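Worth knowing before you read on, the calculation uses all heavy atoms, side chains too, and leaves out hydrogens, waters and symmetry mates. Chain identifiers are assigned alphabetically (A, B, ...) following the order of the sequence lines, protein sequences preceding nucleic acid strands; residue numbering begins at 1 within each chain. All values derive from a computational prediction rather than experimental measurement.
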Amino acid sequence: MTSIAQQVAQFLTWSPIKINQFRQTLLVWYDQEGRQLPWRVDQEPYHIMISELMLQQTQVQTVIPYYQNFLAKFPTVDDLAAATETDLLNAWSGLGYYSRARNLQKAAQQIVNDYQGQWPQTAVELQNLAGIGPYTASAIASIAFNEPVAAIDGNAFRVFARLLEIDLDITKPKSRLVFQEVGNRLIDPKRPGEFNQAIMDLGSSYMTAKNPDSAHSPIREFNQSWQNGTELNYPVRTKKAKPVPIDYYGLAIHSPAGWLFEKRPEKGMLAHLWMFPLIKVEALDDVSGDSALEKLAVVFAEQSGLELNFQPTELKPITHTFTHQKWQITIVTAELKTAENLEFFPGQWVPQDKIAELPMPTVQAKLNQRLFK
DNA sequence: CATCCGTGGAT
DNA sequence: TATCCAAGGAT
């Protein structure tokens with residue numbers, strides 16, 4: 001059994017002098033060529049928290065316009081804590097991983113209500129907030145509160161793995177502990193936030209996953225994998241599973257009151273967002289009926305109480321790939337002559353010019369475009 | 001600990 | 001088109 005400390009000692013053999021040289025080289029480069037980003041103009045914890053939540057598994061370029069808009073809509077932590085769910089999710093619509101938005105608001109409410117507006121200032125305490133795990137807590141603690149703790153994100157895994165030829169599988173939770181300790185020993189205690197952000201900038205410029213340019217990297221002399229010609233072997237990670245294909249019918253149901261939208265469940269895929277009702281093609285297997293569309297009417301009537309005749313359309317099916325699922329949606333239409341009461345159905349009739357006011361996922365935006373364009 | 005949870009860009 | 005993966009966290 002090899003302890004964390006032993007593994008760290010195995011990979012990190014630099015002298016204190018070399019570690020200091022690494023810090024200086026990295027930060028001199030960062031001061032000159034670090035990216036200028038909207039969330040780097042101050043150290044407001046509220047600003048840092050929003051940016052870090054948005055940046056979880058999401059690229060900088062994608063986040064920038066969402067960050068600007070979000071801050072304009074919710075300028076303070078109090079504004080966010082008091083926001084309606086519709087306003088909140090609309091500000092996040094299209095960004096993905098929607099539980100992040102609800103976690104962010106819950107964290108704001110925790111700060112306002114549980115902490116009386118006094119921010120927790122250490123990584124350990126920050127992890128008590130919703131949606132904030134080891135990476136995000138370290139990022140906020142180091143950037144906003146100058147705590148010398150390494151923020152181990154995908155960039156840090158890759159940069160440290162290549163620098164020190166660390167061959168641990170980064171998808172294994174235990175590996176994080178080694179990288180965390182390596183980072184904690186390398187981080188500059190005087191400028192921890194900038195050190196962490198410099199590692200990220202390095203990882204997104206000279207030390208990218210696919211086409212690194214380590215020959216021109218400011219820290220190339222410290223990069224053991226580059227010197228040994230092994231840098232593309234790092235980081236080590238197990239492959240991800242392929243998305244599972246799932247076929248749906250997407251129900252485009254129209255009435256004089258508009259189109260029928262359904263609020264997605266509290267948990268699971270696209271939770272709390274609004275979409276056309278979806279029914280798995282597979283769900284028709286056990287249903288009696290002469291045709292697929294007749295079976296569809298039976299299943300939908302059970303859910304909604306609405307008796308409808310569904311019609312095939314000429315519209316090409318929509319395919320939308322998520323991390324774990326690949327949806328193919330066949331669009332069918334139905335017309336309701338009068339808008340009926342839908343008390344027990346988690347839905348609403350929406351006039352076409354009001355659809356854009358609903359928080360929707362990208363897959364629904366694709367359906368809208370296919371139908372209404 | 002393994003799996004679930006979105007989206008867009010690069011190749 | 002298929003695949004990878006990017007400032008991860010919750011369960």
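- Ring-centre distance between A:H254 and A:W259: below the 6.0 Å cut-off.
- Taking a 6.0 Å sphere around CD of A:E221, one finds it holds 12 or fewer heavy atoms contributed by other residues, nucleotides or ligands.
- Across all strands, A:R237 comes closer than 4.0 Å only to sugar-phosphate atoms, never to a base (heavy-atom distances).
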Go through the steps to decide whether A:R40 and A:Q197 satisfy the test side chain to side chain donor-acceptor pair (under 3.5 Å), and finish with yes or no. CA-CA 10 Å; A:R40 287 183 178 173; A:Q197 294 181 89; 2.8 Å; yes
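- A donor N or O paired with an acceptor N or O is found under 3.5 Å between the base of B:dG6 and the side-chain atoms of A:T323.
- Counting any heavy atom pair closer than 4.0 Å across all strands shown, A:L37 reaches a base atom.
- Residue contacts shown for A:R264 are absent, as no nucleic acid heavy atom lies under 4.0 Å away.
- Interface remark: the A:Y135 side chain does not form any donor-acceptor pair with the C:dG8 base, using a distance-only criterion of under 3.5 Å.
- Nucleic acid contact class of A:L95 (heavy atoms, under 4.0 Å, all strands): base.
- Nucleotides B:dC4 and C:dA7 are separated by 24 Å at their P atoms, to the nearest Å.
- Between A:K240 atom NZ and C:dA2 atom C1' the separation is 15 Å, expressed in whole Å.
- Comparing C:dT3, C:dA7, C:dA6 by their closest approach to the side chain of A:A209 singles out C:dA6.
- Here C:dA7 is the nucleotide among B:dG6, B:dT11, C:dA7 with the atom lying nearest to any side-chain atom of A:W39.
- Across the protein-nucleic acid pair, A:N128 atom CG and C:dA10 atom C1' stand 15 Å apart, rounded to whole Å.
- Rounded to whole Å, the distance from CD on A:Q59 to P on C:dA6 is 8 Å.
- Look at C:dT11: its Watson-Crick or wobble partner, with both distances under 3.5 angstrom, is B:dA2.
- A:R158 comes within 4.0 angstrom of the backbone, heavy atoms only, and of no base.
- One finds a side-chain N or O of A:T362 lying less than 4.0 angstrom from the OP1 or OP2 phosphate oxygen of B:dT7.
- Minimum atom distance to the side chain of A:P134 is reached by C:dG9, of the listed C:dA7, C:dG9, B:dT11.
- Of the side-chain N and O atoms in A:K242, none sit less than 4.0 angstrom from OP1 or OP2 of C:dA2.
- For the pair A:H272 NE2 and B:dC5 P, the computed distance is 13 Å after rounding to whole Å.
- In this entry the distance linking CG of A:L53 with P of B:dC5 reads 19 Å, nearest Å.
- The nearest whole Å value for the distance from the CG atom in A:L232 to the P atom in B:dA10 is 19 Å.
- For C:dG9, neither phosphate oxygen OP1 nor OP2 lies less than 4.0 angstrom from any side-chain nitrogen or oxygen of A:Q127.
- When the side-chain nitrogen and oxygen atoms of A:T136 are compared with OP1 and OP2 of C:dG9, one or more of them lie within a distance under 4.0 Å.
- Side-chain N/O atoms of A:H324 include none lying less than 4.0 angstrom from OP1 or OP2 on B:dT3.
- Among C:dA7, C:dC4, C:dG8, the nucleotide with an atom closest to any side-chain atom of A:K210 is C:dC4.
- Phosphate proximity of B:dT7 to A:Y98: present, with a side-chain N or O under 4.0 Å from OP1 or OP2.
- For A:F300 and A:F310, the distance between ring centers is under 6.0 angstrom.
- Comment: A:D31 engages A:R191 in a salt bridge, judged by a side-chain N to carboxylate O separation of less than 4.0 angstrom.
- With DNA chain B read from its 5' end, the first of the two nearest nucleotides for A:G268 and A:K172 is the one closest to A:K172.
- The side chain of A:S204 lies closest to C:dA7 when the candidates are C:dA7, B:dG9, B:dT7.
- A distance of 11.0 Å separates CD1 of A:I253 from CZ of A:F261, quoted to the nearest 0.5 Å.
- Using a 4.0 Å cut-off, some side-chain N or O of A:K326 falls inside it from OP1 or OP2 of C:dA2.
- Across the strands present, B:dG8 finds its partner in C:dC5; the criterion is a Watson-Crick or G-U wobble pair with both atom distances under 3.5 angstrom.
- When rounded to the nearest whole Å, the span between CZ of A:R100 and P of B:dT7 equals 10 Å.
- In terms of phosphate contacts, A:Q57 brings a side-chain nitrogen or oxygen within less than 4.0 Å of OP1 or OP2 of C:dG8.
- Contact annotation for A:V63: no contact, since no heavy-atom pair falls under 4.0 Å across all strands.
- For the pair A:M207 CE and C:dA6 P, the computed distance is 12 Å after rounding to whole Å.
- The two residues A:N368 and A:F276 have their closest heavy-atom pair at OD1-CZ, 4.2 Å.
- Taking 4.0 angstrom as the limit, A:N103 places none of its side-chain polar atoms (N or O) nearer than this to OP1 or OP2 of C:dG9.
- At the heavy-atom level, A:M200 lies under 4.0 Å from base atoms of the strands shown.
- Across all strands shown, A:W92 has no heavy atoms under 4.0 Å from either base or sugar-phosphate atoms.
- The base of B:dG8 is not paired with the side chain of A:T58 by any donor and acceptor separated by under 3.5 Å.
- The residue A:G203 sits apart from the nucleic acid: no heavy atom pair falls under 4.0 Å.
- Between A:K267 and the phosphate of B:dC4, there is no side-chain N or O to OP1/OP2 separation shorter than 4.0 Å.
- Among the atoms of the strands shown, none is found under 4.0 Å from any heavy atom of A:N196.
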Start with the C-alpha distance between A:E52 and A:Y135, add both sets of side-chain angles, then the distance that settles side chain to side chain donor-acceptor pair (under 3.5 Å), and finish with yes or no. CA-CA 9 Å; A:E52 292 300 342; A:Y135 161 74; 2.7 Å; yes
